[in-house]
Each structure stands twice: as C-alpha cells, then as structure tokens.
Amino acid sequence: MPELPEVETIARALRQGGRLLDGRQTPSILGLEIQSGKLLWERSLAQPTPSELWQRLPGQRIQDINRRGKFIVLSLNRDHLLFHLRMSGDLYALPQPDVLPDYTRFLLDLSGGLRLVFADARKFGRIWLTQDPQTVLGNLGPEPLDERFTAADLFERLHARRRQLKPLLLDQTFLAGIGNIYADEALHLARLHPLRLSTSLSMEEVQRLWAATRHVLEEGIRRNGASIDWVYRGGDFQNSFRVYHRVGQPCPLCGTPIERIQVGQRGTHFCPYCQPLDRNETEIRSIPG
DNA sequence: CACGAGACCTGTTCGC
DNA sequence: TGCGAACAGGTCTCGT
C-alpha cells in the first residue's frame, strides 16, 4: 500500500489524531506510556528477539512520531520503534476494548485505555526496536520534500548512475519514499518516459522531474494519500491519478490512451505521446552482428 | 554496477 | 457459477 504520502498521513494521525477510520476519528498517542503488548506474527518483528522486545518496551513513553522515507519512527525514552508497512500494512490507534482488527500482527496497550495496532494482511511489514535508528535508516536517500533537496542535487544524483528512470525512482537509496504510484505520476507530469536513461536528462528535464516529484507527493499528502482496493483507507488521491491504473483511458493532457508496460517487474503506466522515448535516450541492449 | 528472476505472503479481480 | 491465473501500494537476495 503505502508510499510517502500515505505513510505521512498515518504518522500525522498517530501524532495529532484525526484520521477517519470506519466513521470514527482516531486519537493521538503522543505522550502515552507503553504498558504491554502482543506479537501475533513473529516474523513481523525484525529486531530484536521477542523476549528482548517485551523486556525493553514497558514503561517507555512515546515522545515523538515521525516519518523517514516509508518508515514510521516512534521515539521512546530509551529506544526507537520503527515500522515499515511494505505492501499491505497499516498502523493506527484504537480504544482498547475493541475487537482486534483483521490481520492484526502486533499491538501495544497504552496508557489512557488506547491500543496501537499494526495490521498487515500480506505479512511483509516489519518492526524494529533499536537505540540507533540510523542502523535501519542509514541507507535511505534524501527526502524529496526536504527544502534542502534541490534540482541541482537531483541532476547530480541522476548523472552519478546510469539507470532507467522508473527503477531509479523506486530505489530508496536514490530518493526516499517514492513508490509505484507516485513514480508513474511524477514521470507523466514531467513528460519523461519511464525507460529514459538517467544520464540522458538535460538540466531542463531534471528541473521538470524535480518539480513534478514534489508536486505529486505534496498533492498526495494534501489528499491524505491514495485509497485503492481494500488496503489503505482514508485518502482520495486516487481520484486524481493521471496515468496510474488508467490503462486505455485518455491521457489528461492529450487524450491518447494510457499504456501499461512491465519495468523491473512493476506495472508501469504512461502516455506514449506525452512521454516519448528517443532511441538515443535509452540503453541499447543488443549489438547487431 | 545494473538488471532480471525469485522469494516473502494473502486477498481480490479477471478471463474463460 | 467455478476455478486458476494474474495482479497488488515493497524490498531483499542471488545469479549473470
């Protein structure tokens, strides 16, 4: 499910409350104390062992809640508790007496009668408890919405490697937080073909990609993320998709039917007219003769 | 270094 | 209607 805008929405809701879930507003868990908890699917816990986790967690307070890339970071008195939701995870606060939600893999009982629930149908999500969050987050690339991240930085990073744009945007060491939806949306807004080679972009094209990336992420956050299928609920950015999940439907710029190809085993959506591919701009795979 | 395939998992939707 | 295939917001590891 979640990419940067969805994870940002989830983190904000945990910090400030106010996420609408089944018609109810979820509460903030900032400042609450961890009393106990349960791990219902062992492999959801990446680090440390369950026994060490339950030895360390009780008594710590949730002092801060932030997002880095697609990670949610809870800062506790002595540790950091990190969550990655991967494809189908979600994280939210509920009143304690409630029945456990479907696919609950981990929960924390908190002071004030609240409960933090980590639900994850596909079991890909992971949890870490560590004193040093950098051991988990250390390889992430820059935050695309950080004001210190400039178009010149992006140009430099694109030209430091020689890769197709789409897989590069999905590479979390290149930029942190972009996933399949926002990569396709950004490339369309920037009018760049997903197979374009990173080293082929002019400064003007990089400027477009930089602005487009930030624009779609900001718009995603403003709309509380995108809700598709049964997984993440609460956002409505899906109503603004330009290309994602729109195969055969008209491009919003020119009306040409949107096409779908596979790039690095990911479904990739683009407008063949607005995002043309010049032979000189992509890798030549086979040398004749 | 870059790329593709396979793995990790379960649920929903599509096509015949 | 039924049933298997395809597909899904992500990332890691391995082989070429």
Side-chain angles (χ1 to χ4, degrees), chain A residues 1-11 40-47 67-72 82-91 101-106 118-128 136-141 157-186 194-200 216-217 219-221 223-241 243-248 260-269 282-286:
Chain A
M1 153 196 109
E3 307 180 28
L4 188 155
E6 291 77 28
V7 177
E8 177 68 25
T9 303
I10 290 168
L40 294 98
W41 180 254
E42 273 215 27
R43 301 183 64 179
S44 295
L45 181 64
Q47 186 198 314
R67 176 194 60 75
R68 173 76 172 101
K70 299 173 193 170
F71 289 83
I72 294 167
L82 286 77
F83 295 84
H84 196 302
L85 307 175
R86 294 279 177 93
M87 293 285 265
S88 61
D90 203 347
L91 191 62
D102 289 344
Y103 316 120
T104 298
R105 308 301 181 196
F106 174 81
F118 172 67
D120 181 19
R122 289 179 72 179
K123 300 176 175 173
F124 288 164
R126 290 293 179 268
I127 304 163
W128 296 257
V136 180
L137 308 173
N139 291 326
L140 290 178
R157 295 181 79 81
L158 285 165
H159 284 256
R161 320 236 230 148
R162 186 181 173 79
R163 296 189 55 189
Q164 295 171 335
L165 288 181
K166 173 73 186 279
L168 192 51
L169 287 177
L170 295 179
D171 183 340
Q172 300 299 297
T173 68
F174 181 75
L175 273 185
I178 297 173
N180 209 34
I181 293 176
Y182 295 89
D184 284 3
E185 294 297 303
L195 296 180
R196 282 284 300 279
L197 214 51
S198 59
T199 46
S200 78
V216 298
L217 293 173
E219 193 61 11
I221 292 172
R223 308 287 290 275
N224 296 316
S227 309
I228 310 175
D229 301 338
W230 47 283
V231 190
Y232 173 82
R233 300 273 89 194
D236 66 347
F237 186 63
Q238 70 279 6
N239 298 322
S240 302
F241 286 167
V243 290
Y244 189 80
H245 263 210
R246 294 195 64 243
V247 195
R260 181 185 191 278
I261 57 174
Q262 288 288 126
V263 182
Q265 292 142 289
R266 309 301 302 276
T268 297
H269 315 75
T282 188
E283 192 153 15
I284 297 158
R285 290 177 176 289
S286 54

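Any value given below was found using the heavy atoms of this structure, including those in side chains, with hydrogens, waters and symmetry copies removed. Residue numbers start from 1 in every chain, and the chains themselves are labelled A, B, ... in the order their sequence lines are given, proteins ahead of strands.
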Q: With sequence neighbours left out, write down each residue that passes side-chain hydrogen bond (donor to acceptor under 3.5 Å, both in side chains) with A:Ser44, or none if nothing qualifies.
A: none
Q: Sort by first number and list every stem of DNA chain B: at least 3 consecutive Watson-Crick or G-U wobble pairs, both distances under 3.5 Å.
A: B:2-8 with C:10-16, B:10-16 with C:2-8
Q) Between B:dG11 and C:dC12, how far is it from one P atom to the other, in whole Å? A) 24 Å
Q. Taking only residues two or more places apart in sequence or in another chain, which ones pass side chain to side chain contact (heavy atoms under 4.5 Å, CB included) with A:Asp229?
A. none
Q. Residues in ring pair (Phe, Tyr, Trp, His ring centres under 6.0 Å) with A:Phe241, at least two apart?
A. A:Phe237, A:Tyr244
Q. Can you name the ring pair (Phe, Tyr, Trp, His ring centres under 6.0 Å) partners of A:Phe71, sequence neighbours left out?
A. A:His84, A:Trp128
Q) For the side chain of A:Arg266, counting heavy atoms from C-beta on, which of C:dG10, B:dC9, B:dC3 is nearest? A) C:dG10
**Q.** Euclidean distance for P, C:dA6 against B:dA5 (whole angstrom)
**A.** 15 Å
Taking N or O atoms only and anything under 3.5 Å, show me the protein contacts with nucleotides 11-16 of chain B, one pair per line.
from: B:dG11; atom 1: OP1; to: A:Tyr103; atom 2: OH; distance (Å): 3.4

Q: For A:Lys166, enumerate each residue passing the salt bridge (Lys or Arg N to Asp or Glu O under 4.0 Å) test, keeping only those at least two apart in sequence or located in another chain.
A: A:Asp184
Q. Among residues 167-174 of chain A, which residues get a heavy atom nearer than 4.0 Å to DNA chain C?
A. A:Gln172
Q: Write down the distance separating the P atoms in C:dC3 and B:dC9, rounded off to the nearest Å.
A: 27 Å
**Q.** P-based separation of B:dG6 from C:dA5 [nearest Å]
**A.** 16 Å
Q | Nearest-neighbour nucleotide for the A:Arg260 side chain, C:dG10, B:dC8, C:dA8 considered | A | C:dA8
**Q.** Under 4.0 angstrom between A:Lys70 side-chain N/O and C:dG10 OP1 or OP2
**A.** yes
Q | Results of salt bridge (Lys or Arg N to Asp or Glu O under 4.0 Å) for A:Asp171 - residues two or more places apart only | A | A:Arg161, A:Arg163
Q: Measure the distance between the ring centre of A:Tyr232 and the centre of the six-membered base ring of C:dG9, then answer whether it is under 5.5 Å with planes under 30°.
A: no
**Q.** ring pair (Phe, Tyr, Trp, His ring centres under 6.0 Å) against A:His245, all qualifying residues, sequence neighbours excluded
**A.** none
**Q.** Phosphate OP1/OP2 of B:dC9: any A:Arg43 side-chain N/O under 4.0 Å
**A.** yes
Q: Give a yes/no answer on whether the side chain of A:Arg161 brings an N or O atom under 4.0 Å of OP1 or OP2 in B:dA2.
A: yes
Q) Ring of A:Phe124 versus six-membered ring of B:dC8: centres under 5.5 Å and planes under 30°? A) yes
**Q.** N/O (side chain, A:His84) to phosphate O (OP1/OP2, C:dT11) under 4.0 Å
**A.** yes
Q: Can you sort out the partners of A:Asp102 under side chain to side chain contact (heavy atoms under 4.5 Å, CB included), two or more places apart, ordered by chain and number?
A: none
Q) What nucleotide, of B:dC9, B:dG6, B:dC3, holds the atom closest to the side chain of A:Lys123? A) B:dC9
Q.
I'd like to check the salt bridge (Lys or Arg N to Asp or Glu O under 4.0 Å) partners of A:Arg67; sequence neighbours left out, ordered by chain and number.
A. A:Glu8, A:Glu143
